[in-house]
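This report concerns only the one structure given below.
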Amino acid sequence: MTRPVFRFAPSPNGRLHLGHALSALLNDALARSSGGRLLLRIEDIDPTRSRPDLVAALQDDLAWLGLRFAAPVRRQSAHLDTYRALVEGLAARGLAYPCFCSRGTIAAAVAAETARGRETARDPDGAPLYPGLCRGLPEAEARARREAGEPHTWRLDMARALSAAPGPHAVRSFTVERAGPVHRIGAGAIEPADPARWGDPVLARRDVPTSYHLAVVTDDAAQGVTHVVRGADLRASTDLHVLLQALLGAPSPCYHHHTLLLDASGAKLAKSRGSRSLADLRAAGEAPADLRRRLGFA
Ligand code: GLU
């Protein structure tokens, strides 16, 4: 069997919190028990929220936790040309189209549907599915608008994508077996995937030539990742990721989506809700060994 490859892939939009520590430690524990490698990827595609000081801070937090990553560290911001070329390739195959709709235009179209008594279906994140306003734009018009510099995203044409890669699509998942602090790769399963519940998702944003979904699939393939371990909040995204892998001819890793740590009010930990960061815990005198014990890794 080839050596398993795991990765921890934080976005440097804020300081790491306990949920990140759990994810990173679980990836590390599984890499160790399986004789695998652990890679680090910095998901810094968001030009407004990613900050160099936060990249340095997260690497410092991970080193403090005692985590070591195999080189090289991959930074998504260094691969924008790769993502751009992939979107162009999908567009050339008729599987992606430029979308000139602003959020306001989409909201108005959805509201008009609602007013007519037709409820717009929502994606797993709760956002209304894109109503398809730009899907059928004549090629010449779309080109002229792009050439005139009109801001646009690129969307996957889900119906065409599913004709090109009809499936059935599936997520290969695995459980984690735990004996004290030791965590091992457990039994595998095949879970049916339903990518269509994402409608026509954005593949490239207005300001960046990619989206989370395209970048994560591209990078897992580029880094040779065999086992993806991440929070349960990303489980629904995996249905879309397996379709993108099929379209791009990329191998599909095995997935484990771990349960999320919740705060005292039962909400998921989030930087935006002021969850205590690892930096706060460090400043309060918590030792890495205590934190590992608290999360079940010592
Ligand atoms: N960058 C994502 C996050 O910090 C994780 C992506 C992934 O593990 O696929 O939530």
Side-chain angles (χ1 to χ4, degrees), residues 4-31 36-51 54-55 57-59 61-62 65 67 69 73-80 83 124-125 171-174 176 193 195 198 201-203 205 208 210-245 248 250-263 267-273 275 277-279:
V5 179
F6 293 81
R7 61 22 170 220
F8 177 58
S11 308
N13 303 337
R15 296 300 300 252
L16 298 185
H17 55 63
L18 270 181
H20 295 108
L22 170 71
S23 224
L25 287 167
L26 185 53
N27 272 288
D28 177 60
L30 292 168
R37 272 186 307 144
L38 176 60
L39 305 176
L40 179 63
R41 179 163 81 231
I42 309 290
E43 302 214 321
D44 57 348
I45 55 167
D46 191 325
T48 50
R49 295 171 69 213
S50 299
R51 297 200 331 241
L54 290 171
V55 175
L58 77 82
Q59 287 182 294
D61 284 341
L62 294 169
L65 260 178
L67 293 169
F69 297 89
V73 173
R74 185 174 173 98
R75 291 187 65 148
Q76 292 189 325
S77 58
H79 299 279
L80 299 182
Y83 309 132
D125 288 341
V171 174
R172 289 189 299 142
S173 67
F174 66 97
V176 171
W198 289 97
V202 172
L203 295 177
R205 298 167 18 169
V208 208
T210 185
S211 62
Y212 159 67
H213 300 298
L214 181 77
V216 85
V217 163
T218 305
D219 288 2
D220 283 338
Q223 290 186 290
V225 172
T226 60
H227 290 72
V228 171
V229 174
R230 59 187 178 193
D233 52 340
L234 291 170
R235 172 61 189 85
S237 297
T238 311
D239 281 12
L240 176 56
H241 298 176
V242 293
L243 171 62
L244 293 176
Q245 286 152 1
L248 298 172
S252 190
C254 293
Y255 291 87
H256 176 76
H257 294 92
H258 60 77
T259 46
L260 298 176
L261 292 178
L262 303 178
D263 67 16
K268 101 177 186 197
L269 298 185
K271 291 168 271 206
S272 54
R273 266 191 301 276
S275 297
S277 64
L278 298 185

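Whatever order the structure lists them in is the order used to number ligands and atoms, beginning at 1.
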Q) What are the two closest heavy atoms between L214 and L203, and how far apart are they? A) CB-O, 3.8 Å
Q. Counting heavy atoms only, which of H213, H241, E43, R230 comes nearest to atom 9 (O) of ligand 1?
A. R230
Q) At their closest point, which heavy atom of I45 faces which heavy atom of T210, and how far apart are they? A) CG2-CG2, 3.8 Å
Q | Atoms in ligand 1 flagged as close to R7, the criterion being non-hydrogen separation under 4.0 Å | A | 7 (C), 8 (O), 9 (O)
Q | Residues R49, D44: salt bridge by 4.0 Å N-O rule | A | no
Q.
Can you confirm, on distance only, whether ligand 1 has an N/O atom lying under 3.5 Å from any N/O atom belonging to V216?
A. no
Q.
Can you tell me if Y212 contacts ligand 1 (heavy atom of the residue under 4.0 Å from the ligand)?
A. yes
Q.
Any nitrogen or oxygen of H20 lying under 3.5 Å from a nitrogen or oxygen in ligand 1? Just yes or no.
A. no
**Q.** Interatomic spacing from OG in S77 to CG in D46 - rounded to 0.5 Å
**A.** 11.5 Å
Q) Can you name the closest pair of heavy atoms from P10 and R41 and give their distance? A) CD-O, 3.2 Å
Q.
Taking 4.0 Å as the limit for heavy-atom contacts, which would you say applies to V228 with ligand 1: side chain only, backbone only, both, or neither?
A. neither
Q) How far apart are the closest heavy atoms of T259 and L22, and which atoms are they? A) O-CD2, 3.9 Å
Q) So, does R41 sit close enough to ligand 1 that a heavy atom of it is under 4.0 Å from the ligand? A) no
